[in-house]
Student: 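Here it is: the structure, laid out below.
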Amino acid sequence: MRVAPRRPGVLALLVACLLVVRAAPGEEPRPPTCSESLPDLFDRISPAVVYIAATSINPFRLADRVTRAVGSGFLIDAKGLILTNSHVAYARQSLRVSLDSGETLPAELVGADPIYDLAVIKITPPPGSTLPVATLGDSDRVRVGDEVFAIGNPLGLDQTLTRGIVSAINRVLTETAFSDQEPLIQTDTAINPGSSGGPLVDRCGAVVGIATANVPEAHSIGFAIPINLAKSALPSLTTRGRVVRPWIGFHGQLIGETLRSLLRAQLVVAGHDYLVGGDIVTRLNGTRLDSDERLEEAMRQLEVGKTLRLTLFRDGQEREVEYELPERPILPGDTMERRSVLEPSRRPGR
C-alpha cells in the first residue's frame, strides 16, 4: 500500500476550515476565537502604537503661555498616517511622535474633528524603514463582556498594556448636543491621562476603539470611540482636514404631547396674553418629530447647502420656515483640553 506524501497546503486549509464557527440559520457568524497569548499579542500590536508629545502656545496669556500634553496614537498607514484624539493634536504648535523603535519624528496635523475627538497626524517614515500598521476591526460586532486591551502611554509611561472587558456599548454623554450624539464603548480597562488616542483592541488584536476619556471621580469607567465611527470619518479628515456636518443654528429638546400642549397654553396677566415657552418645531423636512428615532433619522438626512424646511408652532399658530443649511462651525466648547465625562446614559432605543 502506497502512502501519498503529506501536502502542507491542503493540511493548512483543513485546519483553517476547522476554525470556522458555524452559525444557525438566520444568525450572524460568530467572531473567531483567538488563543494568542497576551505577551505575543502585545509584541505584535505595540510596534504600531506611538507616543505623542504636543506643545501649544497662547500668546494672550501673561503667564503659563506654553502648554505641554502627551498622548497616544497608532499607525493606520505605512506612509505615516496616525490616528489619535483631537484633544491631543488639534490647535497645537508642535507635534512630535516617538516610535516603538525609539526614533522621535516631527508630525503635522492632517485633519481633526473636536466634536468626535478624532484627529489624523502624519510623520515621514525614516529612510529604509517599513512602518508597522494596526489592523482596524469591526466595532459593530463588539458585545458586552468581550475581553479588550488598551495600549498607550498613561502619564508618559510608554507602551503600557492594560486589560479589561467591554462594560457597555452605545453610551452617550448626556451633555452632548443631540445632533452630535456619539455612541461610545464603555470599558473597565484602565484609561488614564496619556492613554488618550491609543487603541482599544479585541482578543484577536484588531482595533475596535480609540481611548478617549474616563470619569475622574470613579474607578474602572473609561470610554473609547468605536473604530467604525473613526473609519467613516477618515475620508473627510484626510481630504478636507475636517468632518463636514450641517448646522441648524439652534438647540432644543424633544417633548411629549402633554408638555407640548402645556407650552401652547396662553396666560392672561393684567389683561395681556402671554404664550408659555418658545417655538415648538413639529416637523423637519416633512418628518413629524414625535419620537427619538424620527428626530435622529431626520437629522441624519441633513446636508450642508441643502434647504431645511421647519414647521413651527409660534404665537398660537403654525408657521413654515426655510433656509439653506450652513456648515457647523467649531465652537469654543468643542475644543476642551481634556474631556470631562459626567452622567453617561444609554442611547435612546438601545
Side-chain angles (χ1 to χ4, degrees), residues 45-58 66-127 129-136 150-156 158-160 182 191 193-201 207-213 224-244 330 334-339:
I45 300 169
S46 61
V49 181
V50 303
Y51 175 95
I52 302 173
T55 303
S56 56
I57 302 172
N58 188 338
V66 179
T67 301
R68 293 181 174 84
V70 297
S72 306
F74 53 97
L75 288 151
I76 58 172
D77 183 276
K79 296 179 180 179
L81 289 181
I82 297 169
L83 189 58
T84 184
N85 284 150
S86 173
H87 73 263
V88 172
Y90 181 71
R92 305 293 187 181
Q93 277 69 47
S94 171
L95 292 168
R96 296 191 66 80
V97 169
S98 296
L99 303 178
D100 181 63
S101 62
E103 294 177 273
T104 298
L105 304 169
E108 61 178 357
L109 182 68
V110 175
D113 182 57
I115 298 171
Y116 282 158
D117 200 19
L118 293 170
V120 176
I121 62 177
K122 188 179 188 307
I123 60 173
T124 300
S129 66
T130 301
L131 294 176
V133 176
T135 300
L136 304 186
I151 303 176
N153 307 289
L155 305 176
D158 61 328
Q159 300 296 44
T160 296
E182 178 181 5
I191 296 176
S195 298
S196 294
L200 185 74
V201 302
V207 180
V208 294
I210 306 166
T212 185
I225 303 165
I227 196 62
N228 286 7
L229 179 63
K231 287 193 287 189
S232 68
L234 276 175
S236 186
L237 288 175
T238 54
T239 58
R240 297 187 174 187
R242 66 191 189 283
V243 173
V244 177
I330 298 299
D334 297 332
T335 55
M336 294 180 293
E337 284 291 321
R338 184 165 178 265
R339 283 190 159 189

Student: Taking all non-hydrogen atoms of both residues into account, name the closest pair between P125 and S129 and its distance.
Tutor: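 So the minimum-distance heavy-atom pair works out to C-OG, 4.2 Å.
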
Student: For R92 and L109, what are the C-alpha separation, side-chain angles and deciding distance, and is it a side chain to side chain contact (heavy atoms under 4.5 Å, CB included)?
Tutor: CA-CA 9 Å; R92 305 293 187 181; L109 182 68; over 6 Å; no

Student: Once rounded to the nearest 0.5 Å, what's the spacing between atom OG1 of T239 and atom CG of L234?
Tutor: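 Answer rounded to 0.5 Å: 10.0 Å.
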
Student: Can a donor-acceptor pair be found, under 3.5 Å and without considering hydrogens, that links the side chain of Q159 to the backbone of D100?
Tutor: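 Such a contact is absent between Q159 side chain and D100 backbone.
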
Student: Is there a side chain to side chain contact (heavy atoms under 4.5 Å, CB included) between T55 and Q93? Walk through the geometry before answering.
Tutor: CA-CA 6 Å; T55 303; Q93 277 69 47; 5.7 Å; no

Student: Where do A134 and A48 come nearest, in terms of heavy atoms and distance?
Tutor: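 Between these two residues, the closest heavy atoms are N-CB, 3.7 Å.
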
Student: Is there a side-chain contact between L83 and I227 (heavy atoms, below 4.5 Å)?
Tutor: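 Yes. Closest side-chain heavy atoms under 4.5 Å.
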
Student: OG/S98 to CD1/I52 distance, rounded to the nearest 0.5 angstrom?
Tutor: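 Interatomic distance, S98 OG to I52 CD1, rounded to 0.5 Å: 9.5 Å.
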
Student: What distance separates L200 CG from F74 CZ, expressed to the nearest 0.5 Å?
Tutor: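 CZ of F74 is found 10.0 Å from CG of L200.
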
Student: Within the structure provided, determine whether T67 and N58 are in side-chain contact (heavy-atom separation under 4.5 Å).
Tutor: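 Counting from C-beta outward, T67 and N58 never come under 4.5 Å.
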
Student: State, yes or no, whether a side-chain contact exists between V133 and D77 at a heavy-atom distance under 4.5 Å.
Tutor: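 Result no, sub-4.5 Å side-chain heavy-atom pair not found.
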
Student: Do you know which two heavy atoms are closest between N153 and G71, and how far apart they sit?
Tutor: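 Of all heavy-atom pairs spanning N153 and G71, the closest is ND2-O, 3.6 Å.
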
Student: Hey, is the main chain of G194 close enough, under 3.5 Å, to the side chain of S72 for a donor-acceptor pair?
Tutor: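 It does hold such a pair.
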
Student: Does K122 reach the main-chain N or O of K79 with its side chain, forming a donor-acceptor pair under 3.5 Å?
Tutor: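 Yes.
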
Student: Is the shortest heavy-atom distance from the side chain of L155 to the side chain of T160 under 4.5 Å?
Tutor: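 A side-chain contact under 4.5 Å is absent here.
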
Student: Could you tell me which non-hydrogen atom of L237 sits nearest to which non-hydrogen atom of D113, and how far apart they are?
Tutor: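 Heavy atoms of L237 and D113 come nearest at CD2-N, 4.0 Å.
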
Student: So how far is it from L131 CG to L81 CG, rounded to the nearest 0.5 Å?
Tutor: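 Between atom CG of L131 and atom CG of L81 there are 10.0 Å.
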
Student: May I have the step-by-step check of side chain to side chain contact (heavy atoms under 4.5 Å, CB included) for L229 and I210, ending in yes or no?
Tutor: CA-CA 10 Å; L229 179 63; I210 306 166; over 6 Å; no

Student: Roughly how far apart are Y90 OH and I121 CD1, rounded to 0.5 Å?
Tutor: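 It comes to 15.5 Å.
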
Student: Taking C-beta and beyond as the side chain, do L99 and I123 meet within less than 4.5 Å on heavy atoms?
Tutor: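 A side-chain contact under 4.5 Å exists here.
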
Student: Search all heavy atoms of S86 against all heavy atoms of P114 and return the closest pair with its distance.
Tutor: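 Closest approach of S86 to P114: OG-CA, 3.4 Å.
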
Student: What's the shortest heavy-atom distance between T84 and G197, and which atoms?
Tutor: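 Smallest interatomic distance, heavy atoms only, reads OG1-CA, 3.7 Å.
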
Student: Side chains of E108 and L95: closer than 4.5 Å at any heavy-atom pair?
Tutor: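 When only atoms from C-beta onward are counted, L95 and E108 do not touch, as no gap falls below 4.5 Å.
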
Student: Go through the steps for V243 and I115 under the test side chain to side chain contact (heavy atoms under 4.5 Å, CB included), then give the verdict.
Tutor: CA-CA 9 Å; V243 173; I115 298 171; over 6 Å; no

